[in-house]
Amino acid sequence: MMSQEEPQEGLSTLTKVTGPSSWSRVSCPCCISNHIEPLVLIQLAENVQPITKQWIMSMISAPVKAGGAQLLVHPGEDMKGDMIVVAAPRCTLLRVTEDLGLCKTYQDGNMTAFSFEDRDNFCNIDNMQQFLTLAERQYIVKHELDSMRAMEDQRIPGIPAPKGKLKARESILQKLEKAGVIRNITPLHDQKLLLALGKQWYTHKSLWGQPLDSIHTYFGGTIAYYFSFLDFYTLALFPPAILGLFITFFLPSANFSNGNKTDSEPTLPKHDDEQPSVSSYMVQAVFSMLWSTVFMELWKRRSAALSYHWGTFNLAEQFQEPRPGFHGELSTNPVTGRLEPLFPEWKRRLRIGVVSVPVVGVFLGLVVMGMAGFYFFERLVSGWHKASESYFTAVLLYLPSIAHILYTNVLGNIYRNVALQLTEVENHREASSFDYHHTTKVLVFTFFNNFAVLFHIAFFKEDLPLLRKRLSSLLIVTQVVNQFTEVVVPFLVDRFLTSADRNLKEDDPEVDHLQAQGSLPAFPGLFAEYIELLVQFGYLSLFSCVYPLTAPLLLLNNLTEIRTDAYKLCKLFNKPFSAPVANMGVWQLAFEVLSFISVMSNCWLLLLSPQVKELTEDAGLSSSKVLVIAVIVEHVLIMVKMILAVMIPDEPDWVRIKREQIEYHSMQALKKQVTLSTNVNFLM
C-alpha cells in the first residue's frame, strides 16, 4: 500500500492535536495515511447550524460523480465551530493535475504533460509535497471546491428557502457564499516556509535578484510571474536611465521655448557651435522606440522559458468545469460530453456589442468631458487672476486641478464596478476569459484617464514645455505618494496595527493559529500593481524624449517596489489562491500595445521638436510636405519595429523543441491508446 507524503511542518500540527480519526475517510487504499496536510481554511458564519456544517462537509468529501469535491475535511475544534479545514487525498491531486494540463518531470528528466495512467513513470510521484508545489496543491483544493455542483434540485439543510434552494447543476460554493453561510476561504500559511522565504526575499541585503522558484512554489504562478516581470523590467530600466542621465547632464538641452515663441517675443541669435550635432530629442526618441520593442521581445522569451520550467505551457482550461458564476441552459457539452450549463457564443458577442461597448464608450466620453471642463475652468480662473491679481484668485488657480483629480478618481471607482458588472453580464465560461475581458475594459479606461491630458498637450496644444512640466510633476508626485503608500503605510500597519497572530505562541492551540490567519485582510490582487507598471511604461516609452529623467526616477521607485510588494504579500494579507498560468495574460498584450503606440508618439514628438521645426523652416518645406515626410518616417520606424520583433523569436529554440517533443509524444500516446482500444474491440 502506497503511503501519502510526510507531513509538512507548520501545517500538519492540526493532525497532532485532533488525530487522523477526526478527518473524513477515503476509500482509495493509496490515499490512506496517518499524516494529512491541512491546505485550506473555510470560515463559516457564526450563526451556521451544525446540520448545515455537517452537510457542507459531506458534500466536500463526497465523490465527484455525486457532485462533491472528493476532498478530506476536518471540523476544526468541534461541529459547533465556525471553521472547516480541508486537505486533498493523493488521487484527487493527481487527477486534477492531469485535468489542468500541468507538465511534470518525467523519468527521462524532461517536462511532460502529466498522465494519470502513466503516473508511475513521473519523478517524485510517491511524495506529493515534492511532486506538486504548495501553491498548486492549495489551488487544486479551491478548484475542486468551485467544481461542486448540485446533481438535482434540493434544499440546503438549516437554511430556509429561497436562500437555501439549490437548482440542478448550480454551483454549491457560490450559493453558500451568496447566502452568507461561507465568509471566507483561505489557503493556509506554512510559517516556517514563509519565514525562510522572507529572509531570501525582502530582507535580503542585495539590491538585485529574487528567489523566483521559491516564490512560485509558495505563492504560485500568478504571483511569481508578476515579480519576475517586475524584476526583468527593473533591470531593463538601467540602459534608459543611464542614457537619460547622460542627456540631462552632458548633452546641451534642447531649447523648448524656441518652437513656441510668439511674434512679439524677442528671439535670441543662434550660434551653430552652441547646437549639438545630434539633438537629445532624437537620441531619446529613437532609443525609446527600439528599447520598448527589444524589451518586450526579450520578456516574451523569458516568459516562455519560465512557463516550461514551471510546467504551465500546456494548460487546458477550456476543458474544465465552468467557473462558478457562469450560467446557461442545462445541456450536454458537445466537446466533453458532460452535462453542464451552456451559453451560445453569439449571445455573448451580442451582449458585448450592444451593452458593453456603448457603456465603455460613455465612460470614455465622460473622461474627455472632464478634461474639457478642466481646461475651460483653468482658462476662466486664470482670466480672473490676471484681472484682479488677488490672493483669493491665486488660491482659486488650484481649484480646477483639485476638481479634476477628484472627478477622475470618483469616475474611476464607479467605472471599476461597472466594468465588473458588464463582464458578469457577458457570462464567460472560463475564469481566464472573464479576467481577460474585465481587465481589457479597465485598461482602456486607464489609458484614457492617465494619458489623454498628455496627448492633448503634446499633439493638440503642441506645448512641449508644458508637457515637460506636466510629466515631471506627475513623476515626482507619484514617487512621493508611492514611497509613502508602499513603504511608510505598510510599516505603520505592521508596527502598530499588529497582525492577529503576533501575540500567539507556538504551544497555543492550532485552532487559534488558524483563526488568526483567517482574520487577516484579503489580498487585494495584482490589478493595481500591474496598472502602476503599465502607466510607468507608458510615461517612459511615449513621452520620455521630452523629460529624459523619467527612467532614473522609475528605476529608483522600482528598486524599493520589489521589496515593499514582497513585504506586504508575506506580512499584511491572507495568502491568495494562485492559478497556474503560462504568461501575464492580457497584461502582456497591454504592454505590447503601448510599445507599438510609442513609435507613433515619439515620431510626432520629434516633428514638434525645436530643431526639426527649424530645419523644415530653413529648407522651405510646406506643412503638407512635412506631414508626408513624418508619415513616411513613422511607417519606416514601424517596419523597423516589426523586423526586430521577427528577428527575436518569442521563445528560445530549446523551449520550442521541448514543446514540439511533448506534442509528438502526446500524439504517439493517443495513437497507442486508439490501437489498443481497437484490438480489444476486435477480440470481443
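- Using modelled atom types, one finds no donor on one side chain facing an acceptor on the other under 3.5 Å when comparing D190 with Y218.
- Looking at heavy atoms from C-beta onward, K568 lies out of side-chain contact with F523 at the 4.5 angstrom threshold.
- Counted within 6.0 Å of CD on E660, heavy atoms from surrounding residues, nucleotides or ligands total more than 12; the atom is thus considered enclosed.
- Taken to the nearest 0.5 Å, the CD atom of Q70 stands 8.0 Å off from the SG atom of C31.
- Using cut-offs of 30° and 60° on the angle between ring planes, the pair F219 and H189 is perpendicular.
- W201 has its ring centre less than 6.0 Å from the ring centre of F227.
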Let's go through K165 and D153 carefully: what are the C-alpha distance in whole Å and the side-chain angles of both, what is the deciding distance for side-chain contact (heavy atoms from CB on, under 4.5 Å) to 0.1 Å, and is it a yes or a no? CA-CA 8 Å; K165 186 177 181 181; D153 292 349; 5.7 Å; no
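- L212 CG to I223 CD1: the interatomic distance, rounded to the nearest 0.5 Å, is 12.5 Å.
- Under 4.0 Å is where a charged nitrogen must lie from a carboxylate oxygen, and between E46 and R183 no such pair does.
- Side-chain contact between C570 and L194: present, with at least one pair of heavy atoms (C-beta onward) separated by less than 4.5 Å.
- Taking K199 as the reference, L195, T203 meet the side chain to side chain contact (heavy atoms under 4.5 Å, CB included) condition, with sequence neighbours excluded.
- Residues A305 and V655 share a closest heavy-atom pair of CA-CG2, 4.0 Å.
- The CG atom of D146 lies 8.0 Å from the CZ atom of R149; values are rounded to the nearest 0.5 Å.
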Show, in sequence, the C-alpha distance, side-chain angles and deciding distance for F114 and F131, and conclude whether the ring-ring contact (aromatic ring centres under 6.0 Å, His included) test is met. CA-CA 11 Å; F114 178 73; F131 183 73; 5.3 Å; yes
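- Using a 3.5 Å distance cut-off with no hydrogens or angles, the side chains of H428 and S433 do pair a donor with an acceptor.
- Rounding to the nearest 0.5 Å places OH of Y139 at 12.5 Å from OG1 of T133.
- Across all non-hydrogen atoms, the minimal contact from T97 to L132 is OG1-CD2, 3.5 Å.
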Could you please spell out the steps behind the side-chain contact (heavy atoms from CB on, under 4.5 Å) verdict for L422 and V425? CA-CA 5 Å; L422 289 175; V425 170; 5.6 Å; no
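- Residues K65 and M151 fail the side-chain proximity criterion, which asks for heavy atoms closer than 4.5 Å.
- Ring planes of W310 and H216: parallel class, angle under 30° (limits at 30 and 60°).
- Stacking of R119 on the aromatic ring of F122 is not recorded, the 6.0 Å distance cut-off and the 45° axial limit not both being met.
- The pair E37-R137 meets the salt-bridge criterion, since a charged nitrogen lies less than 4.0 angstrom from a carboxylate oxygen.
- Side chain to side chain, S228 and R302 meet the donor-acceptor criterion of an N or O pair below 3.5 Å.
- Checking N124 against N127 by side-chain atom types alone, no donor-acceptor pair falls below 3.5 Å.
- Atom CD in E345 sits 4.5 Å away from atom CZ in R348 (nearest 0.5 Å).
- A 4.5 Å side-chain heavy-atom check between S303 and Y225 finds at least one atom pair inside the cut-off.
- Side-chain contact of N184 with T186: a donor-acceptor pair under 3.5 Å is present, judged by distance alone.
- Taking a 6.0 Å sphere around CD1 of I51, one finds it holds 12 or fewer heavy atoms contributed by other residues, nucleotides or ligands.
- Checked against V86 for a side chain to side chain contact (heavy atoms under 4.5 Å, CB included), the options L39, I42, L41 give a single hit: I42.
- Remark: aromatic rings of W587 and Y436 are distant, center separation not under 6.0 Å.
- The side-chain heavy atoms of L102 and E136, taken from C-beta on, include a pair separated by under 4.5 Å.
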Start with the C-alpha distance between I562 and Q210, add both sets of side-chain angles, then the distance that settles side-chain contact (heavy atoms from CB on, under 4.5 Å), and finish with yes or no. CA-CA 9 Å; I562 293 175; Q210 294 189 81; 3.3 Å; yes
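- Inter-residue side-chain proximity for M584 and F229 is flagged as met; some heavy-atom pair is nearer than 4.5 Å.
- Side-chain atoms of L44 and I56, non-hydrogen and from C-beta on, do get closer than 4.5 Å to each other.
- D565 and Y202 form no side-chain donor-acceptor contact under 3.5 Å, judged by distance and modelled atom types alone.
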List the atom pairs, donor and acceptor, that lie under 3.5 Å between side-chain atoms in residues 154-164 and the rest of the protein, sequence neighbours left out.
unit_1 : atom_1 : unit_2 : atom_2 : d
R155   : NH1    : I159   : O      : 3.0

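- Contact of the L173 side chain with the I185 side chain is registered, since non-hydrogen atoms from C-beta on lie closer than 4.5 Å.
- A salt bridge links K441 with E426: at least one charged nitrogen is closer than 4.0 Å to a carboxylate oxygen.
- Rounded to the nearest 0.5 Å, atoms CD (Q43) and CD1 (I182) are 11.0 Å apart.
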Is there a side-chain contact (heavy atoms from CB on, under 4.5 Å) between K178 and Q174? Walk through the geometry before answering. CA-CA 6 Å; K178 285 185 176 180; Q174 188 182 37; 4.0 Å; yes
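- A salt bridge between E144 and R95 is present, with a side-chain N of the basic residue lying under 4.0 Å from a carboxylate O of the acidic one.
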